[in-house]
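Data block below; observations after.
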Amino acid sequence: MAGPLGRDFFARPTVQVARSLLTCRLVVDRGTVDEVVATLVEVEAYLGLRDPASHAYRGPTPRAGIMFGPPGHLYVYLSYGIHHCANLVCEDHGTAGAVLLRAAAVERGEEVVRERRGSGLARVIPVPDLLRGPGNLCRGLGIALGDNGLDVCSATSRVEVWEPAVRSRVAVARGPRVGISAATERPLRFAVRGHPAVSRPAL
DNA sequence: CTGCCGATCGCCT
DNA sequence: GGCGATCGGCAGC
């Protein structure tokens, strides 16, 4: 792996960032016993003030304000009162944009993820399902509201994003975003075509 | 202060 | 394919 992505990577148009985040690695709690490395295989772009499906559509409210701040920070929120969803803030300071992390493939730290997903379940979770879906991804990586605002470009952050040393040429599938009721026609969902960790519905 | 509703998930039919 | 769980943000009164 080459190293953590810097702020310049995120200070670009959100759609570009979303696309290029595919095959990048999420590195959580690096250097600890809880270290997890996972490859991003599915993301969605949310375009701020010009996107009615974005939480930033109504401007810098207390919750969405983080998306108007500097790029390279986490925006985490609670969905349906149960699950957490994590986004990476994009664009320059003052412009809202974010990429929702929808699914990743576990490369390292499978046991840690498995513990967080719940050991008392009736059935054993298949490996590709461990971080499949935005809620499951947050749960498996231990990301919650306390991580909201985290600077992933900081050396001390428990969450980092790394670019792979060799960018493999994967086919990128593109389609409508999941679970929204506004701007459903925009193809702002991106995924590694055919990867088993991509959530439903399949692209 | 109240009421609505959601960038979801897993179990049930 | 349907639905219940569960709670914070936000708009409106």
Side-chain angles (χ1 to χ4, degrees), chain A residues 10 13-15 17-19 21-22 26 38 40-69 71 73-91 95-106 113-150 152 159 173-191 196-203:
Chain A
F10 300 100
T14 304
V15 172
V17 177
R19 226 197 109 96
L21 273 172
L22 293 178
L26 286 171
L40 278 169
V41 298
E42 183 189 352
V43 298
E44 281 176 1
Y46 285 86
L47 308 183
L49 287 173
R50 58 201 180 87
D51 179 5
S54 169
H55 288 171
Y57 183 58
R58 301 166 190 277
T61 60
R63 176 177 66 162
I66 183 77
M67 285 189 277
F68 289 83
H73 290 251
L74 278 185
Y75 165 53
V76 183
Y77 68 93
L78 187 60
S79 179
Y80 290 89
I82 301 175
H83 305 100
H84 295 282
C85 292
N87 301 251
L88 287 164
V89 175
C90 304
E91 313 266 357
T95 303
V99 175
L100 171 68
L101 309 179
R102 286 196 57 87
V106 177
V113 173
R114 211 170 267 290
E115 270 178 39
R116 292 191 180 121
R117 284 299 312 276
S119 44
L121 293 180
R123 110 200 152 100
V124 177
I125 302 173
V127 175
D129 291 355
L130 285 171
L131 301 176
R132 190 183 198 207
N136 290 334
L137 183 148
C138 281
R139 188 163 172 206
L141 296 180
I143 293 174
L145 288 183
D147 298 304
N148 190 33
L150 206 68
V152 304
V159 179
R174 187 174 180 170
R177 293 173 290 183
V178 178
I180 55 167
S181 50
T184 53
E185 73 290 349
R186 300 193 194 181
L188 295 175
R189 179 186 181 208
F190 299 91
V198 173
S199 70
R200 309 207 117 108
L203 259 182

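Here is the naming used below: chain letters follow the sequence lines, and residue numbers restart at 1 for every chain.
- Note on A:His55: a side-chain N or O is less than 4.0 Å away from OP1 or OP2 of B:dA7.
- You'll find that the side chain of A:Tyr46 is closest to B:dA7, out of B:dA7, B:dC9, C:dC10.
- Looking at the side chain of A:Thr61, the nearest of the listed nucleotides B:dT8, C:dA5, C:dC10 is C:dC10.
- In this structure, A:Asn87 reaches the bases: a heavy-atom distance under 4.0 Å links it to at least one base atom across the strands shown.
- Side-chain nitrogen and oxygen atoms of A:Arg58 include none within less than 4.0 Å of the OP1 or OP2 phosphate oxygen of C:dG9.
- Rounded to an integer number of Å, the gap from CG of A:Leu100 to C1' of B:dT8 is 11 Å.
- In this structure, CG in A:Asn136 is found 10.5 Å from CG in A:Leu141, a value given to the nearest 0.5 Å.
- Look at B:dA7: it lacks any Watson-Crick or wobble partner with both distances under 3.5 angstrom.
- Nearest to the side chain of A:Ser54, among B:dA7, C:dA5, B:dG10, sits B:dA7.
- Closest to the A:Val178 side chain, of the nucleotides C:dC10, B:dT8, B:dG6, is B:dT8.
- The side chain of A:Leu78 sits closest to C:dC7 out of C:dC10, C:dC7, B:dG10.
- Expressed to the nearest 0.5 Å, how far CZ of A:Arg177 lies from CZ of A:Arg102 amounts to 11.0 Å.
- At a threshold of 4.0 angstrom between heavy atoms, the contacts of A:Arg177 with the nucleic acid are absent.
- Across every non-hydrogen atom of A:Ala182 and A:Ala53, the tightest pair is O-CB, 3.6 Å.
- Here the options are A:Ile180, A:Leu100, A:Thr14, A:Val15, the test is side chain to side chain contact (heavy atoms under 4.5 Å, CB included), and the partner is A:Leu188; only A:Val15 passes.
- Per the geometry, CZ belonging to A:Arg132 stands 10 Å off P belonging to B:dC9, to the nearest Å.
- Taking CG of A:Leu145 as the reference point, atom CG of A:Leu74 lies at 11.5 Å (rounded to 0.5 Å).
- Scanning all heavy atoms of the two residues, the minimum distance from A:Ala38 to A:Leu131 falls at CB-CD1, 3.6 Å.
- Between the CG atom of A:Asn136 and the C1' atom of B:dT8 there is a distance of 9 Å, rounded to whole Å.
- Look at NE2 on A:His83: it is 15 Å from P on C:dG8, rounded to the nearest Å.
- Here the separation of C:dG8 from B:dG10, taken at their C1' atoms, is 22 Å to the nearest Å.
- Looking at A:Tyr77, its side chain comes within 3.5 Å of the base of B:dA7 through a donor and an acceptor atom.
- At B:dA7, none of the side-chain N or O atoms of A:Ser79 fall inside 4.0 Å of OP1 or OP2 (strictly under the cut-off).
- By the 5.5 angstrom centroid cut-off and the 30-degree plane limit, A:Tyr80 is classified as not stacked against the base of C:dA5.
- Heavy-atom nearest nucleotides on DNA chain B were determined for A:Ser181 and for A:Pro134, and the one closer to the 5' end corresponds to A:Ser181.
- Taking only side-chain nitrogens and oxygens, A:Arg63 comes nearer than 4.0 Å to OP1 or OP2 of C:dC10.
- Here the P atom of nucleotide B:dC11 and the CD1 atom of A:Ile125 are 9 Å apart, to the nearest Å.
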